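Take a look at the structure below.
This one's a predicted model, so the numbers in the text were calculated from it and none came from an experiment. Naming: A, B, ... by sequence-line order, numbering from 1 per chain. Note that these values count all heavy atoms, side chains included, but never hydrogens, waters or copies made by symmetry.
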Amino acid sequence: MLVLGGIIFLHVSTIILLLVATIDNAWWVTDTVSTDLWGTWELKSSEWRYSNLKTSPNEFHQSVQASAVLACIFSILALFVFVAQLFTLPKGQRFTFTGILQLISCLCVMIAASVYTAELHAGDNGSYGHAYILAWISFVLTFLLALTYLILRKKSE
Amino acid sequence: MLAVLVSIVSLGIVAQQCQAIVIYTGWERHALVGSDIRLSCSFFSWRWTSEDVTFSWTYRPDGSRDSISIFHYTGGEAYLDNKGPFKDRLEFVGNPGRRDGSILIKNLDFNDNGTFTCDAKNPPDIVGRPSSVRLLVFEKVPIQAGVITGAIIGVVLGLLVLVVVIYYLMRFLVARRVFSLNVSKHGKKKKEGSQQRQLWTPPPLTCYPLP
């Protein structure tokens, strides 16, 4: 029972981290700018203003957007499938479907973060923001969760 | 009494509607440098198209507050800009008889960014609001923000749905094939003899549970 609660809690918090990483515009920050994935916050005369991305998002940017969104979708799907499998899986079997979905989500986060690192802001001054860090953390968490689901077996009383 | 009041009010409203002319242009137009663009303008009016119908286009550059007149059609004649920024670049391609007052601007340049306003009058229907279309001139057509994003998401989710559907279809088909195999085995064993029939019992029909 405790194990079940712990896994569900971990899964839900992973989903939350993924959502924050995707929605919050803070993948790249400087002193006055906080940007990506969807828009740019600029500090103009001590006031933060929101504007669209400069140079309307190029292909790499859009693929990062797509990967991040897909990672969230697959992780949420995995949670629902896990709950469904809790009731319908025969005893002693592994949660493979859930594990696969979570693994795909992990892959998507990895693709998003890697493409972002490699292609965008390669030479700019500044640093990666908290959303970027959360993306990598959720990559680790989704990977661990995927392994858990693939190894875990349903209790056969 | 009430009926009279209602009829007077409704007549007033209807009469108002009958008199207003509605002008349609686009909202925004995108074009490449050096290309031609057709700015369309048409109107709706409750009256028949009169012979004195007029169309006029004015242009206000981006960032400027003044607008200049670049085109006027009246009394069956089209008058094009012959002094301003659109000299020798305008052409009238509309059909006033069909309420179309469109113009063609050739060889676009970055200086042509701005707002074009079309005003049409169909006497006696002259009360109306001019309509504006914004022209944006690009060096190359930009990828709209979100097209690739949406495409990737759509394709991946579609693939997922396809894979799941195919998986369940295969399981369903395999289950049915196993069922038919068991039946044929049962039939064959019956012919071979009663001894073997007692040794062999038909396998229980297992319906595969849904994961």
**Message:** Just checking B:F92: does its CZ atom have more than 12 heavy atoms from other residues, nucleotides or ligands closer to it than 6.0 angstrom?
**Reply:** yes
**Item:** Exceeds 12 heavy-atom contacts within 6.0 angstrom, atom CD of B:E28
**Value:** yes
**Prompt:** Would you say A:F9 has more than 12 foreign heavy atoms packed within less than 6.0 Å of its CZ?
**Reply:** no
**Asked** Would one find more than 12 heavy atoms of other residues, nucleotides or ligands at under 6.0 Å from atom OH of A:Y50?
**Response** yes
**Request:** Run the numbers on B:V156 and A:I73 for side-chain contact (heavy atoms from CB on, under 4.5 Å), then give the verdict.
**Result:** CA-CA 11 Å; B:V156 171; A:I73 291 177; over 6 Å; no
**Message:** Looking at A:F80, I want to see if its CZ is surrounded by more than 12 non-hydrogen atoms of other residues, nucleotides or ligands under 6.0 Å.
**Reply:** no
**Fill in**
Between B:I148 and A:E59 the two heavy atoms that sit nearest each other are CD1-CG, 3.6 Å
**Asked** Under the 3.5 angstrom rule, does the side chain of B:T149 hit a backbone N or O of A:Q65 as a donor-acceptor pair?
**Response** no
**Complete:** From the list A:F87, A:F95, A:F74, the residue making the most non-hydrogen contacts under 4.5 Å with chain B is A:F74
**Asked** What residue in B:I153, B:L157, B:V164, B:I152 has the most heavy-atom pairs under 4.5 Å with chain A?
**Response** B:I153
